[in-house]
Engineer: 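Please read through the structure below; I'll follow up with questions.
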Amino acid sequence: MQIPQLKITFLGTGTSTGIPMIACTCAVCTSYNPKDKRLRSSILIESPATTIVIDTTPDFRTQMLRIHNARLDAVLFTHPHKDHIAGLDDIRAYNFFQQKPMDVYANALTAEALKHEFAYVFADKKYPGIPQINLHTIDETPFVIGDIPVQPFTVWHHKMPVFGYRFQKFTYITDANRIDDHVKEMIAGSEIIVLNALRREKHISHFTLGEAVALVQELKIPTAYLTHISHQLEKHDDVEKQLPPGIHLGYDGLQLLV
Ligand SMILES: [Zn+2]
Ligand SMILES: [Zn+2]
């Protein structure tokens with residue numbers, strides 16, 4: 001299969017509260033730098049023929065409007081935490097314009113949570129105008145969406161299994177603090193990785209900045225962008241200067257070709 005070039009757009013790079021956080025007056029939350037404004041973590045992946053979003057955050061509608069996205073073929077979920085699923089109802093716009101249900105892919109844990117959290121979507125008697133969803137429960141078997149091959153794999157968010165995704169040379173991992181050795185082998189050889197890095201202090205379910213940098217170096221992936229960032233990390237420009245070559249903080253609106 002011919003592998004298409006992918007355009008990656010960072011739709012959001014913030015932790016669950018977003019930055020600025022409501023009611024916070026810290027230096028990061030009051031920064032004027034647009035790179036310090038972080039919606040909840042999500043990316044868009046586009047080939048010439050196919051558009052995929054990873055997670056539908058509480059900011060999903062805003063994220064799609066601000067990049068003027070007009071087409072969406074599928075949603076890939078990482079895990080069922082609210083900051084990664086809350087925006088699902090807003091895929092209705094694509095249902096209306098594309099005249100078909102949205103293909104949604106999730107691991108078993110997330111699929112069950114979606115049925116619970118969005119019970120009205122899966123009810124026998126459906127209210128008119130609700131989201132139309134084709135829910136695919138997936139495991140770690142590779143599959144293809146349109147012309148984009150997808151390799152799911154499991155990482156650990158404290159005790160919760162979270163799906164990361166590899167798209168040939170590009171790997172996306174959010175909400176992890178531990179990766180099994182056999183999965184490190186699945187990720188090795190990526191040219192670009194996106195990896196979560198919450199803050200400098202230890203956290204029960206997220207990599208710290210130091211842990212994320214060490215992991216990128218261990219995996220020998222030449223280019224990395226860190227995401228799911230808390231206001232407890234300093235301002236973007238101050239942190240970016242201190243990072244080793246090839247490792248960067250992600251920011252909303254960043255685009256990559258891979
Ligand atoms: Zn999260
Ligand atoms: Zn989470």
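Order of appearance sets the numbers: ligands from 1, and atoms from 1 within every ligand.
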Engineer: Mind checking whether H206 and H158 have ring centres under 6.0 Å apart?
Structural biologist: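 Distance test on ring centres: not under 6.0 Å, no.
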Engineer: At a cut-off of 2.8 Å, what protein N/O/S atoms sit near the Zn ion (ligand 1)?
Structural biologist: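 Atoms qualifying: D83 OD2, H84 NE2, D175 OD2, H228 NE2.
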Engineer: Applying ring-ring contact (aromatic ring centres under 6.0 Å, His included), which residue pairs with at least one partner in residues 89-113 are found, sequence neighbours left out?
Structural biologist: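 Counting only pairs at least two positions apart or across chains, the ring-ring contact (aromatic ring centres under 6.0 Å, His included) contacts touching residues 89-113 are Y105-H136, Y105-F143.
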Engineer: Tell me whether D180 is salt-bridged to R178, with the criterion being a basic N under 4.0 Å from an acidic carboxylate O.
Structural biologist: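 Looking at D180 and R178, the cut-off is met.
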Engineer: Please list all pairs meeting ring-ring contact (aromatic ring centres under 6.0 Å, His included) that have one or both residues in residues 36-78, counting only residues at least two apart or in different chains.
Structural biologist: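 Qualifying pairs, neighbours excluded: none.
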Engineer: Could I get the full list of salt bridge (Lys or Arg N to Asp or Glu O under 4.0 Å) partners for D73, not counting sequence neighbours?
Structural biologist: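 Testing D73 for salt bridge (Lys or Arg N to Asp or Glu O under 4.0 Å), a comparison that skips the adjacent residues, returns R71.
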Engineer: Could you tell me whether K82 and E117 have a side-chain N and a carboxylate O separated by less than 4.0 Å?
Structural biologist: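 Salt bridge flag = yes for E117 with K82.
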